[in-house]
**Student:** 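Dropping a structure here in structure tokens format, bear with me for questions.
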Amino acid sequence: MCCHSFSLPATGESNTACVDENILPISLTDAHWIEAFPFKAGDIPDIIAYGLGKASAIKLLSNPLNNGSHSDWKVNEIAILDFPVCVDYADLTGNGCNDVIIVDRYGPSMNDLWDADTENGGRIQWLRNPGDRDSRSAWEAHTIGNSTGMHRIRAGHFTTTEHIQVLAFPISPKSSDFTSPAPVLVFTPVYSCSDLTQGPTHWIKDIAFDSEFRLIHDAKLLPKTNENLDMILAAGREGLVLFWFDKPSQVWKYNVVSEGLPQSGNNPYWGSGSVDICRVGDDTIGYIATCEAFHGNIVSVYVKKPDAPRGVEALKNRTYWKRVVLTDFGSLNEQYTGTLHHVMAGPETLPGSFTVACIGVPIGTPENQGVYIYTAVDLTKGEFKRVKITDLSAGRVAVTDFSRSTSSQGRDIASISYYVLNDFTGLCPPNVRINTLPLASRSLQISASKHNKDILFRIPRPSAIPVDEYRSLSFWILAGKRITLVVLPPSGKYNFGEDDAAKVIFGEITYRLEESTVTRGIAPAAKSTASTLVPSTIEAGDIGAVFLHLEYLHDQFQGPYSKMSDVTSLNVLPNNENVSDDARMTLLPFLKVDTLDWASNGLWNDFEFYNVTGFNVCFNNYPWEHVVHIQAWTLGLGETARFHNHSELPFCEIHLCISNGDQAGGMRYFRDDYTQPIDQNEELTKSYVEANSDMLIVPNMHEHGPLWKIQQCSQARPVIRIDNPLAVEYPWHAWLASRFGDWSLPIIPPLPSSQQKYDVWMAFEFPSSAFQY
């Protein structure tokens with residue numbers, strides 16, 4: 001049914017991950033850059049975040065764990081800069097505190113770069129760390145150097161181990177110039193005395209490469225890969241390029257590992273836009289992850305051929321590498337801009353993985369906004385698994401451990417919105433959030449925690465449960481039924497009481513009914529209904545089963561319900577270590593739909609239509625696949641929940657009727673070939689509804705099968721919408737109560753309890769990947 005109150009992230013090839021999300025208390029007018037920043041050596045990382053605007057505040061978000069606190073993150077402004085672009089850090093004073101190295105005065109856009117000579121443009125500064133993260137004073141700024149279009153920097157040892165240097169990459173030599181090369185520069189500090197704590201007095205600028213490279217948008221530091229010196233792998237128009245200083249000849253050298261995305265038509269951007277190196281086992285250069293090209297739409301990896309050596313030597317010979325395209329996020333816009341902005345290796349808890357930030361171009365395309373994790377399944381074949389961990393716009397990510405515990409190392413992913421004025425701002429205000437991945441759990445217990453407005457169940461996979469055991473958790477009493485979540489291993493058996501029912505949400509169950517064997521999966525056949533009542537014993541199928549046990553409570557009223565106060569909805573989660581306090585204390589009231597935010601358009605005003613949401617079920621090990629979202633609805637006699645087609649929601653929906661008030665309620669659906677909009681006035685009349693739709697009555701304790709449009713030669717595989725590749729193609733459909741059309745709608749005043757008979761049903765929203773048969 002409606003399910004307007006819940007929206008799943010991307011499904012299909014991208015399993016939806018049930019991941020905790022903490023939005024940090026920071027106010028941003030624009031947003032562009034995020035960096036994990038260890039304030040001092042050995043500290044748990046803090047965060048630096050800021051936008052790309054004029055007079056943009058550089059904000060330090062202090063991790064409360066560094067103060068031994070579990071309070072919220074503190075925010076301090078450490079500088080106000082014009083058009084700050086990128087940041088790095090290093091201890092330039094030798095006192096154990098990391099100083100910030102930052103580029104500002106970039107200019108409003110690539111078509112309006114501030115000139116280095118006339119406007120102090122493309123400036124690199126270092127900001128002295130005051131030694132106190134709670135300091136309210138601006139950090140003391142010192143200039144390193146300038147170059148028009150300065151866009152990326154990396155701190156390291158490139159030509160000498162004596163002091164930290166800065167390798168700098170302007171994106172363009174002047175405004176609107178996307179074709180001329182820009183110099184690659186190296187800045188070396190000069191200290192006036194042996195007391196490094198005073199910091200450098202000035203910096204010497206040298207040119208590593210004068211006229212070879214264009215539009216460098218990312219640079220990955222490869223520490224101590226050139227004996228005691230560092231190397232750089234950069235992403236730009238020339239593709240993926242390895243830079244290093246050759247000590248014997250005392251000259252800079254480079255190798256183009258790959259040209260990346262080929263040139264195409266009038267698009268000024270080709271090559272590569274972002275890059276990182278992913279470790280595989282003990283090979284520090286396992287494979288290369290990229291976004292292609294500059295603000296492009298292609299996620300690619302470069303995998304080694306069988307004869308490739310381990311380590312950095314593989315980057316010095318392009319013949320060792322094979323390019324594999326993993327995802328194409330669609331066509332670029334008129335400015336040749338796509339949605340990809342940053343790639344970063346990790347998290348460490350998922351070996352062989354990398355993370356991608358998607359800003360959300362074009363607006364209104366859910367798949368193109370958020371953060372994805374790609375994890376290698378078979379590198380030799382270029383096969384990867386993809387999961388989405390947030391729907392929020394992301395310009396950059398910071399993958400590290402913000403909680404510093406051995407059990408959670410490397411499972412945090414911070415990201416910042418891409419919200420750049422006069423470029424792209426999206427629909428939502430900018431923010432910074434941290435997504436914490438579930439532990440690579442081997443837990444065989446069902447856990448419950450609060451996740452946004454819902455209760456989240458993380459369950460073991462049925463195959464992990466020992467033979468002759470099962471796992472269960474009672475969580476809800478709804479309309480006279482105690483509902484228990486059950487995980488049953490392959491061929492496992494489970495017993496029911498009289499008049500009990502089972503709603504399968506994963507796998508299959510079988511049982512004997514009279515002289516035949518019944519097998520039930522997650523739904524009956526399309527446009528049909530089937531009873532969910534079961535005999536005393538059922539058996540799980542070959543992959544096990546996950547189901548809801550709906551226990552008939554003989555001491556409670558079972559309907560029909562004449563008053564909403566009689567429809568029970570109680571949280572019965574137990575008080576144990578696997579259930580969080582906030583989940584256990586969550587109230588589950590039925591709320592009148594016309595009071596809900598999504599119904600503020602007035603279409604349901606004065607309808608006897610109620611909703612309670614809800615529950616999410618996910619597996620507790622990677623890739624934390626989403627199993628189902630569950631909620632419940634009620635509707636008064638003679639009413640309609642109004643026709644809809646889920647045009648923006650990526651799920652397949654099944655309903656189970658608990659109480660069919662006057663025995664004639666159920667789902668009405670239009671013909672698959674009906675493409676006209678719904679007449680929102682006429683849909684309240686019996687003649688219009690009966691002339692255009694068919695009725696599928698759903699009796700007590702029955703569920704219905706697929707109502708979505710189904711691909712040819714399949715039983716349930718959904719047709720995907722052409723205008724939204726994440727959404728399932730549905731006909732117009734709605735739940736209609738018995739005796740629809742007997743009263744004008746809305747019914748004012750509501751029917752008295754002597755006449756009223758509410759329908760009560762549950763909605764199960766599955767990812768479309770669950771119906772690939």
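Heavy-atom basis, side chains included; hydrogens, waters and symmetry copies ignored.
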**Student:** Evaluate the side-chain proximity of Tyr106 to Ile171: yes if any heavy-atom separation is below 4.5 Å, no if none is.
**Tutor:**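 In short, these two side chains touch, coming nearer than 4.5 Å.
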**Student:** Does atom NZ of Lys450 have more than 12 heavy-atom neighbours from other groups under 6.0 Å away?
**Tutor:**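 Enclosed.
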**Student:** Parallel, tilted or perpendicular for His295 and His217, by the 30°/60° rule?
**Tutor:**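 Correct class here is perpendicular.
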**Student:** Please tell me whether Phe651 and His629 form a close aromatic pair, meaning their ring centres lie under 6.0 Å apart.
**Tutor:**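 Between His629 and Phe651, which both carry aromatic rings, the centre distance is not below 6.0 Å.
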**Student:** In terms of side-chain heavy atoms, does Asp218 have a donor or acceptor partner in His342 at a distance below 3.5 Å?
**Tutor:**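 Checked: Asp218/His342 side chains show no N/O donor-acceptor pair below 3.5 Å.
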**Student:** Would you call the rings of Tyr418 and His32 parallel, tilted or perpendicular, taking 30° and 60° as the class edges?
**Tutor:**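 Ring orientation of Tyr418 relative to His32: perpendicular.
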**Student:** Are the charged groups of Asp43 and Arg133 less than 4.0 angstrom apart, N to O?
**Tutor:**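 The answer is yes: the pair qualifies as a salt bridge.
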**Student:** Does some side-chain heavy atom of Ser417 sit less than 4.5 Å from a side-chain heavy atom of Arg433?
**Tutor:**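 Of all side-chain heavy-atom pairs linking Ser417 with Arg433, at least one is under 4.5 Å.
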**Student:** Side-chain contact test, heavy atoms from C-beta onward, threshold under 4.5 Å: evaluate it for Val299 versus Tyr372 and give yes or no.
**Tutor:**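 Not in contact.
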**Student:** Tell me, do Asp401 and Pro347 make a side-chain contact under 4.5 Å, heavy atoms counted?
**Tutor:**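 SC-SC contact between Asp401 and Pro347 ruled out.
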**Student:** Taking the inter-plane angle between the rings of Phe39 and Phe37 on a 0 to 90° scale, is it parallel (under 30°), tilted (30 to 60°) or perpendicular (over 60°)?
**Tutor:**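 It falls in the perpendicular class, over 60°.
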**Student:** Does CG belonging to Asp597 count more than 12 external heavy atoms closer than 6.0 Å?
**Tutor:**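 Count not over threshold, so no.
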**Student:** Ignoring hydrogens and geometry beyond distance, is a side-chain donor-acceptor pair present between Tyr89 and Asn129 at under 3.5 Å?
**Tutor:**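 No, because no side-chain N or O of Tyr89 sits under 3.5 Å from a partner of the opposite role on Asn129.
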**Student:** Is it true that Arg584 and Asn571 share a donor-acceptor pair across their side chains at a distance under 3.5 Å?
**Tutor:**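 Short answer, no.
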**Student:** Rounded to the nearest 0.5 Å, what separates atom CD1 in Ile23 from atom OG1 in Thr390?
**Tutor:**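 One finds 7.5 Å between CD1 of Ile23 and OG1 of Thr390.
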**Student:** Could you check, using the six-membered ring where one of them is a Trp, whether Phe384 and Tyr287 have ring centers closer than 6.0 angstrom?
**Tutor:**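 Yes; Tyr287 has its ring centre under 6.0 Å from that of Phe384.
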**Student:** State plainly whether the residues Asp132 and Lys74 are in salt-bridge range, i.e. N to O under 4.0 Å.
**Tutor:**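 No, no charged N to carboxylate O under 4.0 Å.
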**Student:** Do the side chain of Ser56 and the main chain of Gly51 share a donor and acceptor less than 3.5 angstrom apart?
**Tutor:**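 At least one qualifying donor-acceptor pair exists.
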